[in-house]
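For reference, the structure is listed below as structure tokens.
Proteins come first, then strands; the chains are lettered A, B, ... in the order of their sequence lines, and each starts at number 1. Values below: every heavy atom of this structure, side chains too, minus hydrogens, waters and symmetry copies.
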Protein chains: 2
Amino acid sequence: MIRLSKKVEYSIIALKYFAISKEAYLTAKEISKKYNIPHELLAKILQRLSKEKILTSNQGINGGYRLNKQPSDISLEYIIKLFDGEKGIVECMNGKNANECCIFDECTIKDPIVKLQKELESYFSSKKISDFV
Amino acid sequence: MIRLSKKVEYSIIALKYFAISKEAYLTAKEISKKYNIPHELLAKILQRLSKEKILTSNQGINGGYRLNKQPSDISLEYIIKLFDGEKGIVECMNGKNANECCIFDECTIKDPIVKLQKELESYFSSKKISDFV
DNA sequence: TAAAATACGACTATATTAGTCCGATTTAGG
DNA sequence: CCTAAATCGGACTAATATAGTCGTATTTTA
């Protein structure tokens with residue numbers, strides 16, 4: 001079918017864990033151990049989520065991360081776009097490449113593909129972290 | 001977002017062309033020229049579709065392919081699975097790997113992910129080639 | 001001041017996808 | 001009966017994207 005990237009998958013796992021966890025702050029190490037996720041990779045993911053204000057972070061020896069948004073306010077679409085980029089469902093619909101496509105005059109599938117993409121985006125934006133809890 | 005493979009994209013373009021074309025038989029060369037698709041690649045795609053009885057083929061110098069199914073009977077899900085395989089939305093849900101996942105006991109996102117996958121499959125199986133015509 | 005955490009960027013390895021190549025078979029027409 | 005042009009099929013290569021690693025700096029508390 002169609003595949004979520006590991007970054008997105010790990011994000012969901014981690015964000016769900018933040019959502020259900022009572023702890024004030026959780027560390028990358030803790031989560032990576034619990035779910036067997038490569039530590040360095042998860043660390044970068046949490047850093048990114050932190051940069052996006054989805055998490056807040058504390059540095060230093062007792063530091064860690066904490067949710068900064070409601071799980072119901074974090075959509076899958078946001079996470080996917082964050083880590084996989086704003087790629088269109090086909091190459092020629094990438095943000096920057098858009099309309100560069102169709103070397104041939106008659107790209108006959110453009111309109112239905114645009115519709116497809118919009119529907120998928122709307123689907124993924126309706127899916128929230130809270131749906132995973 | 002989430003990306004259709006070239007094989008799927010080319011399939012849609014070609015199948016739509018078959019659907020709207022009046023010609024009895026169309027060749028891989030003809031379609032690849034018209035839409036600027038690498039000939040060898042499209043040839044393999046049409047061969048595969050032919051093997052699946054979606055197209056019928058004639059060999060020999062005046063040969064080519066012709067639709068063997070109604071455009072409304074060819075779903076996007078079928079095409080995607082055909083060319084990209086029966087991959088799950090996450091690795092651990094691949095046909096053969098299934099349940100091998102979750103080295104850790106508590107894969108907390110399994111059920112919602114299964115639901116996600118089922119919904120996407122149902123969406124893609126509702127999309128037919130006729131929707132692109 | 002040492003330990004343990006985040007922060008950040010460059011790098012490498014792996015997997016997937018896209019595309020090519022070669023040779024075989026089929027078939028119509030000169 | 002031979003040639004051209006098509007399908008058939010598998011092995012191969014190239015390009016790209018994803019996954020994961022490494023090194024180093026900074027922050028903070030005990």
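Looking at heavy-atom distances under 4.0 Å, A/K44 makes contact with a base. Looking at heavy-atom distances under 4.0 Å, B/A28 makes contact with sugar-phosphate atoms alone, never a base. Across all strands, A/D84 comes closer than 4.0 Å to no nucleic acid atom at all (heavy-atom distances).
In this structure, CD of B/E9 is placed 13 Å from C1' of C/dT17, rounded to the nearest angstrom. To the nearest angstrom, P of D/dA17 lies 17 Å from CZ of A/R3. Rounded to whole angstrom, the span from the NZ atom of A/K7 across to the C1' atom of C/dA15 amounts to 15 Å. In this structure, OH of A/Y25 is placed 13 Å from C1' of D/dT28, rounded to the nearest angstrom. Rounding to whole angstrom units, NZ of residue A/K51 and C1' of C/dA7 are separated by 10 Å. If you measure from atom CZ of B/R48 to atom C1' of D/dG10, you get 13 Å, rounded to the nearest angstrom. One atom, CG of A/L41, and another, P of C/dT14, lie 15 Å apart when rounded to the nearest Å. Atom OH of B/Y65 and atom C1' of D/dT7 are 5 Å apart (whole Å).
Remark: B/K115 engages B/E119 in a salt bridge, criterion side-chain N to carboxylate O under 4.0 Å.
Ranked by how close their nearest DNA chain C nucleotide is to the 5' end, B/E40 and A/N62 are led by A/N62. Nucleotides of DNA chain D nearest to A/H39 and B/L46 differ in position, and the one nearer the 5' end is that of B/L46. Along DNA chain C, the nucleotide closest to B/I61 and the one closest to B/Y10 are compared, and the more 5′ of them pairs with B/Y10.
A donor-acceptor pair under 3.5 Å links the side-chain atoms of A/S32 to the main chain of A/A28, judged by distance alone. With B/S11 contributing its side chain and B/K7 its backbone, the two residues share a donor-acceptor pair below 3.5 Å. Side chain of A/N58 to main chain of A/G64: no donor-acceptor pair is present (N/O by atom type, distance under 3.5 Å, no hydrogens or angles).
Residues A/E77 and A/Y123 bring no donor and acceptor atom of their side chains to less than 3.5 Å of each other.
If you check C/dT26, C/dC8, D/dA6 against the side chain of B/T27, the one that comes closest is D/dA6. Distance from the side chain of A/K87 is smallest to D/dA17 among D/dT21, D/dA17, D/dC8. Here C/dT20 is the nucleotide among C/dT20, D/dT21, C/dA7 with the atom lying nearest to any side-chain atom of B/P38.
Within 3.5 Å, a donor on the side chain of A/Q47 pairs with an acceptor on the base of C/dA7, or the reverse. In terms of polar N and O atoms assigned as donor or acceptor, the side chain of B/Q59 comes within less than 3.5 Å of the base of D/dT7 in a complementary pairing.
Neither OP1 nor OP2 of D/dA17 sits under 4.0 Å from any side-chain N or O of A/S5. Within the 4.0 Å cut-off from OP1 or OP2 of C/dT16, not a single side-chain nitrogen or oxygen of A/K6 is found.
Ring to ring, A/Y10 and A/Y35 are not that close: their centroids are 6.0 angstrom or more apart.
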